[in-house]
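For reference, the structure is listed below as structure tokens.
Note that the structure is a prediction, hence the values are computed from the model and not measured.
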Amino acid sequence: MPRDPTIATLWSRLAAYQTLLVAAVLIVVLAALVLPPFVFLLKASVVDAQRGGEWSLANFEAVLGSRRFLVTSANSLVFAAGSAVVALAIGWTTAWIVERTNTPLKPLAYLTAIISLGTPYILYVTAWLLLFGKAGPINQLYRTVTGTSDVLINVYSMPGMIMVEGFLWSPLAFLLVGATLRNANPELEEAARVSGAGTWMTIRRVTLRLSLPSILALAMLVFIRAIEAFEVPALVGLPGRISVLTTDIYGNMVAQAPPDIGGASALSVLMLALVLVLLAIYGRLSRHAERDSRPSPARAFGRARSILGGCAIWRRGFSCSISCCCWPCRSRCSPGCRCFRSISPSARRRSPWSRSTIIAPCSRPIMSD
């Protein structure tokens with residue numbers, strides 16, 4: 001603290017308003033980063049280049065009046081919804097195994113999930129294409145076994161896009177759902193088991209309902225990220241002639257001469273409006289995602305715990321492995337627990353818990369030949 005009274009007074013006044021000052025600085029920095037491109041985008045969407053730069057809504061009329069906009073919008077919604085379902089299914093299952101069982105190698109599951117999030121998306125998508133491509137090991141094994149020339153998995157399709165994008169976001173779903181299950185109150189699950197409910201009924205009637213708010217919020221988050229995704233639509237969708245909103249924007253800017261800046265800007269503004277609406281819904285859902293936090297115990301899973309441990313880390317480690325192992329083949333790719341203590345010991349011995357088995361941009365396909 002300064003010894004000069006004047007400086008000390010000024011310092012105390014600044015300390016009283018330090019939160020306001022920091023907030024003002026952050027607002028200025030964010031405005032400098034966000035406003036210029038937003039203003040340029042908005043201006044380009046309302047300027048008609050064919051009429052000498054006049055302001056009009058012709059770009060929006062052209063975009064909204066085309067049948068292609070309806071097709072690409074439907075593809076984007078289907079792609080985002082399917083990706084969210086796949087990511088949540090894999091992430092929730094893995095999180096339940098890790099947080100509700102005594103499966104071994106739990107730290108490895110978290111480690112591989114973090115490594116997966118740190119893998120560049122282009123490398124990640126390329127690795128899955130090398131695995132599921134027409135000349136990949138899966139389809140090669142299928143042709144060898146069956147003797148046909150068909151493929152078992154056509155990755156260059158909407159199901160292929162959904163599968164790859166869902167795998168891409170499943171580590172994030174695992175980490176977030178795992179935190180929810182770890183902090184969830186386990187008393188309701190234990191009460192259900194003490195009352196005679198089976199494993200799957202406990203999961204369906206208690207565990208899923210406890211984690212439903214966070215699941216909905218996470219589903220909206222993955223949905224938003226899939227709506228604005230570009231890597232998978234470009235590397236998987238374009239070779240399969242499947243267009244979404246992001247690839248249409250890219251096509252208007254690159255695939256046309258001269259570039260249709262007005263159409264791309266109008267399409268971007270419409271997509272931005274959709275994302276803002278989805279973000280508002282996500283904000284409302286995330287407010288209800290917190291629940292009473294209590295430490296959750298690990299239940300004994302007997303001899304099956306090693307199998308569950310393998311299932312928990314297989315998906316995480318497999319993604320990292322193919323990303324690393326397939327990278328040398330890039331030359332073939334085209335560019336681009338507490339309520340139990342209150343139960344009496346005699347009731348505890350009669351409890352099912354004592355014998356429970358549950359614990360509380362690319363023009364041709366990659367490797368197409």
Side-chain angles (χ1 to χ4, degrees), residues 24-81 83-84 120-122 125 158 161 165 168-169 220-283 334-336 361-364:
V25 171
L26 291 178
I27 291 175
V28 171
V29 172
L30 290 176
L33 294 175
V34 174
L35 287 181
F38 176 74
V39 171
F40 172 80
L41 184 67
L42 193 60
K43 180 181 178 181
S45 65
V46 296
V47 171
D48 190 357
Q50 297 180 354
R51 299 180 181 178
E54 294 182 1
W55 289 43
S56 70
L57 298 177
N59 294 322
F60 290 95
E61 294 175 356
V63 170
L64 294 175
S66 64
R67 184 178 179 275
R68 182 176 180 82
F69 173 73
L70 298 178
V71 175
T72 55
S73 297
N75 288 339
S76 295
L77 295 177
V78 172
F79 170 64
S83 301
Y121 290 167
I122 293 293
V125 176
M158 180 59 73
M161 293 174 59
E165 188 73 17
L168 186 67
W169 292 108
M220 184 57 64
L221 177 61
V222 177
F223 185 89
I224 294 172
R225 292 297 292 118
I227 281 284
E228 61 185 20
F230 179 72
E231 293 87 355
V232 172
L235 294 175
V236 183
L238 288 182
R241 301 184 181 275
I242 301 175
S243 296
V244 296
L245 292 175
T246 52
T247 53
D248 261 14
I249 296 173
Y250 171 79
N252 288 338
M253 294 294 295
V254 176
Q256 296 185 14
D260 186 7
I261 298 179
S265 300
L267 193 55
S268 300
V269 170
L270 293 174
M271 185 175 173
L272 179 61
L274 173 62
V275 171
L276 289 177
V277 173
L278 295 176
L279 284 175
I281 299 175
Y282 169 73
S334 61
C362 179
S363 60
R364 63 185 179 87

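The salt bridge (charged side-chain N to carboxylate O under 4.0 Å, His left out) contacts involving residues 33-42 comprise nothing, where partners must be two or more places apart or lie in separate chains.
Interatomic distance, Arg225 CZ to Leu278 CG, rounded to the nearest 0.5 Å: 13.0 Å. Note: Leu41 CG to Ile261 CD1 = 11.0 Å, rounded to the nearest 0.5 Å. One distance of note links CG of Leu276 with CD1 of Ile281; it measures 11.5 Å at 0.5 Å rounding. The CE atom of Met220 sits 9.5 Å away from atom CG of Leu279, with the distance rounded to the nearest 0.5 Å.
When the shell of 6.0 Å around OH of Tyr121 is examined, it contains more than 12 heavy atoms from other residues, nucleotides or ligands.
Scored by the salt bridge (charged side-chain N to carboxylate O under 4.0 Å, His left out) test, Glu61 finds no partners at all (sequence neighbours excluded).
At a threshold of 4.5 Å between non-hydrogen side-chain atoms, the residues Asp260 and Met253 do not count as touching. Between Leu235 and Ile122, some side-chain heavy-atom pair lies under the 4.5 Å cut-off. Counting only heavy atoms from C-beta outward, the side chains of Phe223 and Leu77 approach each other to under 4.5 Å. Side-chain contact between Leu221 and Trp169 is absent, with no heavy-atom pair separated by less than 4.5 Å. The side-chain heavy atoms of Thr247 and Leu238, taken from C-beta on, include a pair separated by under 4.5 Å. Phe230 places none of its side-chain heavy atoms less than 4.5 Å from the side chain of Ile249. Between Phe79 and Pro233, some side-chain heavy-atom pair lies under the 4.5 Å cut-off. Counting only heavy atoms from C-beta outward, the side chains of Pro259 and Asn252 never approach each other to under 4.5 Å.
Of all heavy-atom pairs spanning Met271 and Ile227, the tightest one is CE-O, 3.1 Å. Pro239 approaches Ala234 most closely through the heavy-atom pair CD-O, 3.5 Å. The two residues Ala229 and Glu165 have their closest heavy-atom pair at CB-OE2, 3.6 Å. The shortest non-hydrogen separation linking Val125 to Glu231 is CG2-CB, 4.4 Å.
Looking at Asn59, its side chain does come within 3.5 Å of a backbone N or O of Val47 through a donor-acceptor pair. Side-chain N or O atoms of Ser243 include none that pairs as donor or acceptor with a backbone N or O of Asp248 at under 3.5 Å. Within the 3.5 Å criterion, the main-chain N or O of Gly262 finds no donor-acceptor partner in the side chain of Ser45.
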